[in-house]
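Just below is one structure, and these are the notes that go with it.
Everything quoted here is computed from the prediction, not taken from an experiment. Residue numbers begin at 1 in each chain, while the letters A, B, ... track the order of the sequences.
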Amino acid sequence: MSERRKPYPFDQIEPKWQARWAAAQAFHAPNPGEPGFDATRPKYYVLDMFPYPSGSGLHVGHPEGYTATDIIARYKRMRGFNVLHPMGWDAFGLPAEQHAIKTGEHPSINTQRNVDNFRAQLQRIGFAYDWQREVNTTDPGYYQWTQWIFLQIYNSWFNPRSQRAEPITTYTGSDPDSVRLAYVAEAPVNWCPALGTVLANEEVIDGKSEVGDHPVERRPMRQWMLRITAYAERLIDELAGLDWPTGIKLLQKNWIGRSEGAEVHFQIAESDQRITVFTTRPDTLYGATYMVLAPEHSLVEHIVTEEQWPAVRDYRERTARKSDLERTELAKDKSGVFTGAFALNPVNGQRIPVWIADYVLLGYGTGAIMAVPAHDERDWEFARKYGLPIREVVSPTPTLGLGGSGVCEAEPLECFTGDGYAIHSGPLDGLPTADAKREIASRLTQDGLGRSTITYKLRDWLFSRQRYWGEPFPIVWENGRHRALTEQELPLNPPELADFKPSGTGEAPLAKATAWVRYSEGATRETNTMPQWAGSCWYYLRYCDARNGDRFVGEEAERYWMAGSINPQSAIPNPQSKGGVDLYVGGTEHAVLHLLYARFWHKVLFDLGQVSTPEPFQRLVNQGLILGEDGQKMSKSRGNVVNPDDVIVEYGADALRCYEMFMGPLEATKPWSMNGVEGVARFLARVWRLVMEENQAGEWVLSPVIQDVAPDKAQLKVMHATIKKVGEDIEELSFNTAISQMMVFVNAFIPANPRPRAALRVLLQVLNPFAPHLSEELWERLAFDETAPLASEPWPTYDPVFLIEDEIEIVVQVNGKVRDKIIVKKEATKDEVEAAARNSAKIAEWTAGKEIKKVVVVPGKLVNLVVG
RNA sequence: GCCGGCGUGGUGAAAUGGCAGACACAAGGGACUUAAAAUCCCUUGGAGCGUAAGCUCCGUGCGGGUUCGAGUCCCGCCGCCGGCACCA
């Protein structure tokens, strides 16, 4: 690209202001107790989802959300808030480790390089971050506290009576290890051979790893788990008070998957064993014609008959070998094997066969079901395939006279899964489904055969990884038992290694550091590391007090930034803030993982009295995806990735910022357009030329048309309308329309001669959050304030008086169609407006010879004449 | 299959139930210039009528409904995008 003249010298003014901000620490927010802290101002905490500093640097998707929060941060500062607006790095993760495996270079070196690059890129965009609060999850001063929080979790249990986490010392049972919020379990896990590690359910997509798309198989392994299921109820209920998009709330709700139903116990015939099932349709109990256990269910070996053993064993092995992917792919074609055992239906003593089948999952409910093929699609399909009986017990309509059970029980022709009325169900007959559920549950409870219960899809969080580049667990093993390190032993640093490869056996890379693993005579360290989510579960808390060496966050700082309270006695939030992070902006990809995990950790810390709000993020906004110029998702392979650095070189950081916001609504998915960037750059150049003009020598000098004259009436209206609209639009995160309004302003003032200084002052003030470099530069050149930068000016106020016209245009409609426009005085009464409308010659034409049946007058807006 | 979200000019989009298309992009025309770039001005939803100022009709995915009035609210479809998916 040939060097062409810049429409305005952004290449000089942007680095100049960035250097000044850095030198002055212009956007540092002091904590309570620090010099410069102003306790009279309310707090505003505006947070970005911190990035993983990848080797490829920023793409234009990053600055979308970051610019939105930056505008809010700068605006709220001007509005008199103490603004917390920090940035940091989610720097543990697989790519750095894989780079280390390839090159032998320690992952911290590569990570540091990437972090430096990301920081430089963000600083070139001119974000108003408080860089003194920068955090890095791989910094020992940070992960020390990640490990510390893990210990809080490890040393707690969930007391079902209080419904909260309590120190493990309050547990009075015999086996505290069985109730800890962090525990070890031998469980079938998602093992990914290619990555050499296990993965959380959430990290497995369609049977393949989310990272790298490698196949994943089930394998039983000893793993650390976090008891997030204990919080299932609260994680759902407490969503209600949050200002989150309803879609995200629903996603979390569905992920947690609460379902109400009942547990029912079935006795195994000729055995002392019993099977407990979970069902949401206990009202169909009379229709249970067989049972199914998950193939891996521990009861299987106790009940299977000798002659069925070979078939059962064979089926179990085949199932175990199947990856999740195969299990999903084969979902359409159900398979199973009869165990040879029979169970007794607790309500009628009927003998029904017990099968195993992989359409029943070990991890959900009790891992066993009663099958009611007449009223469940899956059971229906299975029963048809294996010729099992189908018994109808719910009728879609109240059928009178067919109540007598035992008679006339022809198999139904199709499966009916809706609600209806119980039939062939003894005492339930005739009851609508909801009543039948209640009735049977109370009967089962009375007879000790079952009870009402609630089940969740959510599983406990598999929290260990066989990786090098993660937080080591602050745990040692002695005589087969785990115990916690003391706080004084933190941070526990990972060992130096020459080779970062996983062993491939499922043993973690840390196991290779034998000297490190040996803790003492007879005690060894845990060799797993924590997943990447660990560090991001609490980084927003660390920002509140990022350099605190004694605590994960100082109490006073936490109380102020999270609860808005400067009262040491209580955490009663400031009425201006609902508490928590006031605004959190990030992508939808974190809707269930990060946001659920972080809420869980926060609630544990809240229960333990470590933080003062029950929820971390009060308001959440998802920015939409930015597509490539071709309308496709940006990717290296498509070659449609836009690098913000290139945009800055060509058009400047302010143009990048403004274009990102002008593209469309923040939450919408929208394609990039370089032409669009150019259009916004043109707007900024017009702002520049509103103040500056080029002299004969080609130098930029203050425009002589700028004079200290009073703006005229029309100009005042534009000025005040702009202050009003830009302010309101920022509050609503409607940045694209705010920029439109500023364009209207500029279009109105470009022809003005003389050009009133006062008008320019207003424009620079409202433009500042969007284009901070340009507006500061012009502010300085116009010398509006010799000492203070524009960024610390208060937001201008508007006077509605200037928005009202003396005469207003009224639309006159006939039968809802616009037929004329009339001008009336602003104080005209309804009757006067109506009279004026009737007086219009055009209207007379349209209403000639017709009867005016009705007149609607909307003051200041329109008159509608209804004729017939 | 289930649950969300979205359908408006050539394009990105705007519109507390009250003039559909603000603001931009692209396109076309003009001014300035030796020329180009930059800049400035004008036209630009579709169809039709008029020499002209202008006027008329149609138009927000499709079909109904509520209302004086619907892009906006309600019901039923169609299409696209995202999430979940044997969850008993």
Exercise. Salt bridge (Lys or Arg N to Asp or Glu O under 4.0 Å): which pairs involve residues 853-868 of chain A, sequence neighbours left out?
Worked result: none
For this session: Report which part of the nucleic acid A:S259 touches: base, sugar-phosphate, or nothing (heavy-atom distance under 4.0 Å, all strands).
Result: sugar-phosphate
Problem set entry | Nucleotide nearest A:D376 (side chain, heavy atoms from C-beta), chosen from B:A88, B:C68, B:G12 | B:A88
Seminar exercise, completed: When A:K842 and A:I369 are each assigned the nearest nucleotide of RNA chain B, the 5'-most assignment goes to A:K842
Exercise. In terms of side-chain heavy atoms, does A:D729 have a donor or acceptor partner in A:T737 at a distance below 3.5 Å?
Worked result: yes
For this session: Please name all residues satisfying salt bridge (charged side-chain N to carboxylate O under 4.0 Å, His left out) with A:R638, sequence neighbours left out, ordered by chain then number.
Result: none
Exercise. Taking the six-membered ring for Trp, are A:Y290 and A:F382 parallel (under 30°), tilted (30 to 60°) or perpendicular (over 60°)?
Worked result: parallel
Exercise. Where the side chain of A:R391 meets the backbone of A:A288, is there a donor-acceptor pair that is under 3.5 Å apart?
Worked result: no
For this session: For RNA chain B, write out the stems as range with range, using runs of 3 or more consecutive Watson-Crick or G-U pairs with both distances under 3.5 Å.
Result: B:1-7 with B:78-84, B:10-12 with B:23-25, B:27-31 with B:39-43, B:45-49 with B:54-58, B:61-65 with B:73-77
For this session: For A:L250, answer base if it contacts any base atom (sugar-phosphate contacts may also be present), sugar-phosphate if it contacts only those atoms, and nothing otherwise; contact means non-hydrogen atoms under 4.0 Å.
Result: sugar-phosphate
For this session: Describe the nucleic acid contact of A:Y456 in one word from base, sugar-phosphate, nothing, applying a heavy-atom distance below 4.0 Å.
Result: nothing
Problem set entry | Chi-based syn or anti call at B:G7, which uses purine or pyrimidine torsion atoms and a 90° bound | anti
Exercise. Just checking A:G679: base, sugar-phosphate only, or nothing, at a heavy-atom cut-off of under 4.0 Å?
Worked result: sugar-phosphate
Problem set entry | With sequence neighbours excluded, residues passing side chain to side chain contact (heavy atoms under 4.5 Å, CB included) with A:N753 | A:V705
Exercise. How about A:K385: does its NZ atom have over 12 heavy atoms from other parts shown lying under 6.0 Å from it?
Worked result: yes
N/O contacts under 3.5 Å, protein versus nucleotides 26-32 of chain B?
| unit_1 | atom_1 | unit_2 | atom_2 | d |
| --- | --- | --- | --- | --- |
| B:A26 | OP2 | A:R682 | NH2 | 3.4 |

Seminar exercise, completed: Between A:T319 and A:P295, the two heavy atoms sitting closest are CG2-CG, 4.0 Å
Exercise. A:T280 near the nucleic acid: base, sugar-phosphate alone, or nothing, with a heavy-atom cut-off under 4.0 Å?
Worked result: sugar-phosphate
Exercise. In terms of the angle between their ring planes, are A:F770 and A:F735 parallel, tilted or perpendicular, with boundaries placed at 30° and 60°?
Worked result: perpendicular
For this session: Write down the distance separating the C1' atoms in B:C74 and B:A53, rounded off to the nearest Å.
Result: 45 Å
Problem set entry | Base versus backbone protein contacts along nucleotides 14-19 of chain B [heavy-atom cut-off under 4.0 Å; B, S, -] | S-B-BB
